[in-house]
Amino acid sequence: MNSVKKFTVSPSPHIHSGESVQKIMYGVLYALIPAFLVSVYAFGFDALLITFTAVVSCVLFEWLIQRYVLRGKNTILDGSAVITGVLLAFNVPSSLPLWMIVVGSLVAIGVAKMSFGGLGKNPFNPALVGRVFLLMSFPAHMTQWPKPMMGKFFADAVTGPTPLAVIKEGIAKGNSMTEIMAEFPNISDLLLGFIGGSIGEISAIAIIIGGIYMLYKKIITWHIPVSILATIALFSAVLHLVDMNVYISPLYHILTGGVLLGAVFMATDMVTSPMTNKGMLLYGFGIGVITIAIRTFGAYPEGISFAILIMNACVPLINKSFRPKMFGEKK
Amino acid sequence: MLHTFPKGGIHPPENKFAASQPIEVLSVPDIVYIPISQHLGVPAKPIVKRGDAVKIGTPIAEAAGFVSTFIHSSVAGVVDKIDKITCASGFPQDVIVIKTSEDVWEDSIDTSPDFVKEITLNSEEIRARVLQSGIVGMGGATFPSHIKYQVPEGKQATALIINGVECEPYLTADHRLMLEKAREICVGIEIIKTAISVSHAYIGIENNKPDAIELFGTVVKEFQGISVVPLQVKYPQGGEKQLIKAVTGKEVPAGGLPIDVGAIVNNVGTVYAVYEAVQKNKPLYERIVTVTGKHVTEHKNFLVRIGTPIQNLIDAAGGMPEDTEKIISGGPMMGKAIPFPQAPVTKGTSGILLVPSLESQRQNMESCIRCGKCVSACCVGLEPYIIMTFAERGLVDELLDYQVMQCIECGSCSYVCPAHRPLLDFIRLGKQIVRKQDKK
Ligand code: SF4
Ligand code: SF4
């Protein structure tokens, strides 16, 4: 034995699926592309600028904090900060002043993510924390929605309320449902996204395409989106049947106010959602109930952001109570 | 819809390159190194000394306790010494070193190629023969088989389940054996049925081996009470409890044994060894070993004498490729990486997998993103991500609460983790922490 080479010894398993955090995050980004394209078509250059600013600030803040505060290895390439930026931008109106989106990014990345130690350790969805912070601090700017201008890239936006806000106000003024509905966009506009609203929430079809892509890539499972949507549909249908003059139809609830964006992209965030399928169903149910409760009885017409954040807080508890069933355990 | 086990599981690439390679007899080495501990339990006690002449099949070490078994010489020759060398375990172990001369068999062994169908031994005689022939579980567990065939007081065996799934990627030894020795395996099944007195046996085969399923479908017609159960491909279907669930639908209670649901599971390799021991009076001194790997030039299935240095197998398969970084005894999911190719083949060596350097690098671990993939992959129903954090922090109560001891070490969790977290490493650490606590 002249060459006694010692071979590498390491514990099993000796192969890996090739999955990586980066691949998952980039998968989410690809899924966001359709909604992004619709938003640029609808809101023009402003949408592009807000999204770009949010992404750059999120990535920059993460890099700075990681480098000078946490002193850990560079994490911006994993793609999660980019996602936070895109999702934050998707949740604000395109008319928002740029400096505000920078502040929102700082809150999202600095407070909601890095102060807990970075990706994976944050209990709350960073983009939603950023959004809610902006909503509380700058309510006027956050509830003025530019009307979609359909491909006129540089036109000056005309602002107006979102469909849900129209209804809430109408009901408050004592208008009848038919009067209110006259001002309401029709269903095909809702599906395609030609309505007032946050940058990324307007097109139901674009969001659903993204969701299907993530399902196909096994980035998400159906449990969370379906349970949120089913719960919202169920409860709003019951209310609608009780009094059609006060409560709008379930379809409008689902197609407006960021419900789809929330159900497909925000609530499904791996880090801040439960581990097991049963846990996910309960979590989605909770989000649905709280959303309808806020919309019906609360001050905000949209509500899903708060609902998701509240349920984020319940995730550790849900994980504890819904542990997977052990093989061979008595049912 | 084909059956499988319902909870967890993964689909690693199969890479069964050697599947179409017929079994080849590997030439007998000049020296064999036969470890005295090739089975689970107490090492066997050597009964030969330096200078003793032995034949093929001569017992050279005897069972040294209840959970122990016999070991036989795999060559004819002279005992050179009892030495310590680094074995597949990575640790130095006692081996009996025998210098080989020309093949001479013990007289009692029937070396003819004749197929013997009729079974003459009764249950007790079969168990005694299995012990004297040194038969152990050949799928890798190496649990002495004579104990398995002793159904405990108060329990009743109702089904014999034959493991023909070979769910580890790359390995093809069982597959080849099934194709080439189907009738012998069926007789082996009959023998074990007699030993444990059950009337029905099920052979579970994954449907990535359609040729074996088809062949057994015809061969079992010559026998009574043997059925073939084609299964969906899913790792780790070869796990005892997973296989029982897939084949019979019964779930062995957590912490229980297969016999608790009346099942006894045997690997096809073991069944064939039983056939040879009982029908041909041939002890377990050789076995089939797959030699393969992505960059290996000739993929092989060898019939190898126990104690042959692994290096010899690699040489016969076209030699050690340049950039080999790891040598694995067994499959890529549960096999052991061994430091030196001089380690000998043992009764539990199902394959030798050579891994090129590019594939053997582990990625740096990142933070857990709580994706839940490890939880969905675990066939036991554990939560590997959280067990890992408990193990890191040495929290015994939490480890026990999260059932760390139930882990079957299949490796699926580490395999799927996108953050490249070494989950199984830490689960093993967690088990150690618990065991240490128990001793106190
Ligand atoms: S190694 Fe253990 S914890 Fe990991 S998947 Fe397998 S049984 Fe579950
Ligand atoms: S698979 Fe890895 S990243 Fe995902 S939950 Fe498990 S440990 Fe965390």
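Predicted, not measured: the structure shown is a model, and the values here were computed from it. Order of the sequence lines fixes the chain letters, A, B, ..., with proteins taken first and strands second; residue numbering starts at 1 for each chain.
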Chain A contact via [X] - side chain, backbone, both or neither, heavy atoms under 4.5 Å:
| X | answer |
| --- | --- |
| Pro169(B) | side chain |
| Lys7(B) | side chain |
| Thr324(B) | both |
| Glu366(B) | side chain |
| Pro339(B) | both |
| Phe5(B) | neither |
| Val355(B) | neither |
| Ile369(B) | both |

Pro13(A) and Gly411(B): which non-hydrogen atoms are nearest, and at how many Å?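 Heavy atoms of Pro13(A) and Gly411(B) come nearest at CG-O, 3.5 Å.
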
State, to 0.1 Å, how close Arg370(B) and Asn319(A) come at their nearest heavy-atom pair, and which atoms those are.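 Between these two residues, the closest heavy atoms are NH2-ND2, 3.7 Å.
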
Do [X] and [Y] have side chains that get closer than 4.5 Å, going by heavy atoms?
| X | Y | value |
| --- | --- | --- |
| His420(B) | Ser20(A) | yes |
| Cys379(B) | Phe327(A) | no |
| Ile338(B) | Phe7(A) | no |
| Ser17(A) | Ile10(B) | no |
| Ile15(A) | Met333(B) | yes |

Between [atom1] on residue [X] and [atom2] on residue [Y], distance to nearest 0.5 Å:
| X | Y | atom1 | atom2 | value |
| --- | --- | --- | --- | --- |
| Met275(A) | Cys371(B) | CE | SG | 7.0 Å |
| Glu19(A) | Lys373(B) | CD | NZ | 5.0 Å |
| Thr8(A) | Lys326(B) | OG1 | NZ | 7.0 Å |
| His16(A) | Cys417(B) | NE2 | SG | 6.0 Å |

Looking at Gln406(B), His11(B), Lys250(B), Arg428(B), which has the largest count of heavy-atom pairs under 4.5 Å with chain A?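 Looking at each option in turn, the highest pair count goes to Arg428(B).
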
Top residue by heavy-atom pair count (under 4.5 Å) with chain A, among Asp425(B), Val380(B), Ile386(B)?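 Of the candidates given, the most pairs with chain A belong to Val380(B).
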
In terms of heavy-atom proximity below 4.5 Å to chain B, should Lys23(A) be classed as side chain, backbone, both, or neither?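 Neither part.
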
Before accepting this row, confirm whether a basic side-chain N of the pair Arg323(A)/Asp401(B) lies closer than 4.0 Å to the acidic partner's carboxylate O.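 So Arg323(A) pairs with Asp401(B) through a salt bridge.
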
Going by an N to O cut-off under 4.0 Å, is there a salt bridge joining Lys325(A) and Glu251(B)?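 Salt bridge: yes.
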
Do the side chain of [X] and the main chain of [Y] share a donor and acceptor less than 3.5 angstrom apart?
| X | Y | answer |
| --- | --- | --- |
| Ser367(B) | Gly120(A) | no |
| Lys241(B) | Gly328(A) | no |
| His14(A) | Gly335(B) | yes |

Tell me, yes or no, whether the heavy-atom count around [X] atom [atom1], taken from other residues, nucleotides or ligands under 6.0 Å, exceeds 12.
| X | atom1 | result |
| --- | --- | --- |
| Lys431(B) | NZ | yes |
| Asn364(B) | CG | no |
| Tyr26(A) | OH | yes |

Polar side chain donor-acceptor pair, Ser12(A) to Lys336(B), under 3.5 angstrom: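 No pair is found: no donor N or O on one side chain lies under 3.5 Å from an acceptor on the other.
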
